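Working notes for the structure below.
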Amino acid sequence: MNKTLKISFSLKNTYRVNGILFSLKQIPLLKRLLPSTLYKVKGLKIVANIISVLWEFVSAFLGKFLYFFTMVCGIGILYKELPENEVFLHILLFLTVIGSFVNTHLFNPTKDKYYAMILMKIDAREYTLVNYIYSILKIVIGFLPFTILFGMDRGVPLWFCLLLPLCIAGMKLTYAAITLWDYEKRGFGYNENKLSKYVWGCIALLLGITYAPPAFGFALPEMVSMILFLVCIPLGAISLKKVLTFRDYYAINKELLAGLTNQMDSTVATQLVKQANEKKISTDTSITSNRKGFEYLNDLFIKRHKKILWNSTKKISYVCVCLVAAVLVGIYLLPEEKSAINKIVMTWLPYFVFIMYAINRGTNFTQALFMNCDHSLLTYSFYKQPNFILRLFQIRLREIMKINAVPALVIGVGLALILFATGGTDNPLNYVVLIVSVLCMSLFFSIHYLTIYYLLQPYNAGTELKSGTYRIVLTVTYFVCFALMQLRMPIMIFGVMTIMFCVLYSIVASILVYRLAPKTFRIRT
Amino acid sequence: MKFVIEHLSKSFEKKQVLKDINFTFEEGKIYGLLGRNGAGKTTLFNCLNRDLKVDNGNFYIEDENGVRREVVADDIGYVLSTPTVPEFLTGREFLKFFMDINEKSIKNPKSIDEYFDYMSIEPEDRDKLLKDYSHGMKNKMQMLINIIAQPNILLLDEPLTSLDVVVAEEMKQLLRSLKQNQITIFSTHIMDLALDLCDEIVLLNHGELEVVEKTDLDSSEFKDKIIAALREEENE
């Protein structure tokens with residue numbers, strides 16, 4: 001047992017440490033500085049190990065603290081009408097029920113299980129039990145300080161606060177035992193990462209029971225909650241016996257880890273990605289084109305990928321139309337809100353950068369381009385001729401701009417309509433700036449994604465995303481857009497800035513693509 | 001025409017994969033490139049195809065009059081072991097697209113169906129999406145593009161390894177019939193295939209290219225000589 005626990009720790013540490021080192025090697029500048037022998041540098045291993053151990057400690061306590069601070073007590077203080085202890089126990093009880101089946105540990109397909117049981121053939125039963133018992137102990141120890149801290153603060157007696165972690169562990173054990181028993185009876189393997197729609201329904205229902213009744217002045221009486229919690233201790237003890245005597249852990253883990261096996265085997269994973277992308281190609285035999293050369297290639301590409309390119313953009317546009325209509329109806333029904341909405345439209349334009357970011361089809365477009373077109377054609381010399389690369393870039397830019405412009409136009413015109421309906425603005429130029437700037441945002445994202453695709457071409461021949469720089473650019477794009485959500489600025493100022501930035505970015509991007517793409521638009525090796 | 005490589009080298013961090021390669025390939029010959037796993041055959045091809053930047057050295061084409069010129073994209077045809085074709089096009093559409101954009105450079109163009117007949121691609125398969133083609137048929141399409149393009153240098157990276165015997169034999173015949181006006185460099189791990197198809201055997205050993213002279217050896221002795229040369233690396 002001790003040996004298995006030691007192996008298990010060492011295994012988790014090794015892959016966490018190697019994972020950290022691998023991540024460091026993905027950072028463009030560090031990549032050149034760090035040698036390939038990095039994985040054997042002892043000092044770095046020690047640092048990474050310390051981080052890894054700290055993470056183990058943090059994961060035992062921090063998560064639980066945040067859980068109590070936000071989900072139990074944070075929301076709990078909203079129900080001022082009810083006794084604090086009743087609300088505390090009511091919320092904790094139902095959240096514990098949810099946690100017992102969405103956070104089981106036993107049925108969570110993790111990498112360490114895959115490495116240990118599938119690749120290294122460690123005894124599945126011993127490995128599972130040792131790790132499961134460890135996780136249960138972590139729950140008891142991790143919960144204890146916070147059940148005392150938050151429980152006593154909410155007027156729950158100390159003796160019960162001390163027992164609460166055991167009750168929580170007992171409920172988890174009970175669910176685990178029921179699932180194991182179910183597996184023996186029906187052969188049904190549970191996977192907490194692949195919940196069925198019924199389980200999701202249960203979660204929604206239980207969340208409703210957790211938070212809705214206290215809002216209407218009802219919570220389970222303290223005594224009822226306590227009894228239900230306490231019952232979990234003997235149930236847990238009985239369940240522990242089932243968990244310890246269950247024999248078929250190898251089979252259950254093999255089924256649980258089947259999906260992970262595909263993910264971990266890069267060849268299989270690549271094949272799956274490739275197949276998934278091939279499925280996006282329309283097999284409609286009536287699709288043809290009477291164009292020539294690259295326009296012909298592009299025309300067929302767009303027509304055969306209509307489902308992922310145009311259909312989703314249409315759906316987004318319909319949703320936007322409905323939202324605009326709903327707001328207009330709202331304004332009609334609640335005229336007193338007009339000035340508040342008018343103020344929002346006048347100053348919330350930066351917020352729409354994030355919305356345009358979220359609805360942009362740029363990454364889907366470039367991914368489909370690579371997987372189903374460039375991945376193969378880039379192996380042909382004729383396709384890599386500089387004038388051909390640039391010609392196709394122009395055509396593709398035109399297409400993605402068209403695709404993204406539809407919802408942008410709907411949003412721009414919609415916002416202008418809302419502005420008008422809520423009393424309008426002193427300066428009619430605001431309407432023009434509003435529409436043009438939203439269109440410019442969409443234009444920016446179209447150019448941005450296609451440019452970074454052409455300049456960084458992040459995929460290799462195995463269709464794996466290999467460029468750390470590309471990932472960083474995507475992340476930075478996200479954070480910048482997210483940060484802009486917090487900004488409030490008048491339409492005229494932000495709109496004009498957006499338009500100017502977009503024009504400037506387009507010029508710089510075009511120069512960069514024309515200068516560099518013939519060299520950078522290659523399959524990564 | 002000659003294809004001349006001078007002082008070509010390529011390293012990955014501290015590992016020098018290609019070391020100061022100097023070699024001249026001649027028109028009309030098929031060169032069999034042999035090397036151990038990890039010897040750098042694909043790296044060499046990627047460098048020649050400019051998919052990888054070389055650390056040092058250059059390569060160029062020298063015509064009959066000894067005039068040298070830079071290798072351009074059109075000069076190289078590269079056939080990979082795993083055939084890659086644009087899955088969203090049909091075989092006919094792929095050919096049409098290719099012929100459209102290369103209409104000025106294709107010498108003596110034929111009709112699309114004539115090309116299909118030439119490669120023994122059946123009429124019922126010609127309008128199927130390429131994603132539904134078998135491995136062998138995709139390989140034929142890839143070869144067909146390279147045949148129509150008539151590159152001066154054809155790089156083949158283990159192209160026959162996973163083909164069935166009939167298609168493999170068809171491909172061998174095709175390569176023999178095409179070799180006259182180009183330089184064909186054929187990388188493979190199958191010794192018999194290399195001996196059967198290739199005019200010269202070149203080893204990529206210690207990051208360098210060297211010809212294995214056959215002189216008056218019989219087939220079996222020649223094989224032994226190649227194996228011995230490849231083993232040298234291991235013994236050093």
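This one's a predicted model, so the numbers in the text were calculated from it and none came from an experiment. Here is the naming used below: chain letters follow the sequence lines, and residue numbers restart at 1 for every chain.
Only the side chain of Leu377(A) comes within contact range of chain B, with at least one heavy atom under 4.5 Å from a heavy atom of that chain. Heavy atoms closer than 4.5 Å to chain A are found in both the backbone and the side chain of Asn49(B). For a residue to count as touching a neighbouring chain, one of its non-hydrogen atoms must lie under 4.5 Å from one of that chain's; by this rule Ile145(B) touches chain A with the side chain only. Of the two parts of Arg291(A), only the backbone, made up of N, CA, C and O, holds a non-hydrogen atom closer than 4.5 Å to a non-hydrogen atom of chain B. Proximity to chain A involves both the backbone and the side chain of Ile76(B), based on heavy atoms less than 4.5 angstrom apart. Both the backbone and the side chain of Gln142(B) come within less than 4.5 Å of a heavy atom in chain A.
With contacts defined as side-chain heavy-atom distances shorter than 4.5 Å, the pair Leu129(B)/Glu278(A) does not qualify. Using a 4.5 Å heavy-atom threshold, the side chains of Thr379(A) and Asp51(B) count as separate.
Distance alone, capped at 3.5 Å, places no donor-acceptor pair between the Tyr380(A) side chain and the Val85(B) backbone.
No other option in Lys53(B), Lys128(B), Met99(B), Glu93(B) has as many heavy-atom pairs under 4.5 Å with chain A as Glu93(B). Chain A forms the most heavy-atom pairs under 4.5 Å with one residue out of Leu130(B), Leu89(B), Leu80(B), and that residue is Leu89(B). If you tally non-hydrogen atom pairs under 4.5 Å between each of Arg304(A), Arg522(A), Lys384(A) and chain B, the highest count goes to Arg304(A).
Nearest heavy-atom pair across Phe382(A) and Phe97(B) is CE1-CE2, 4.0 Å.
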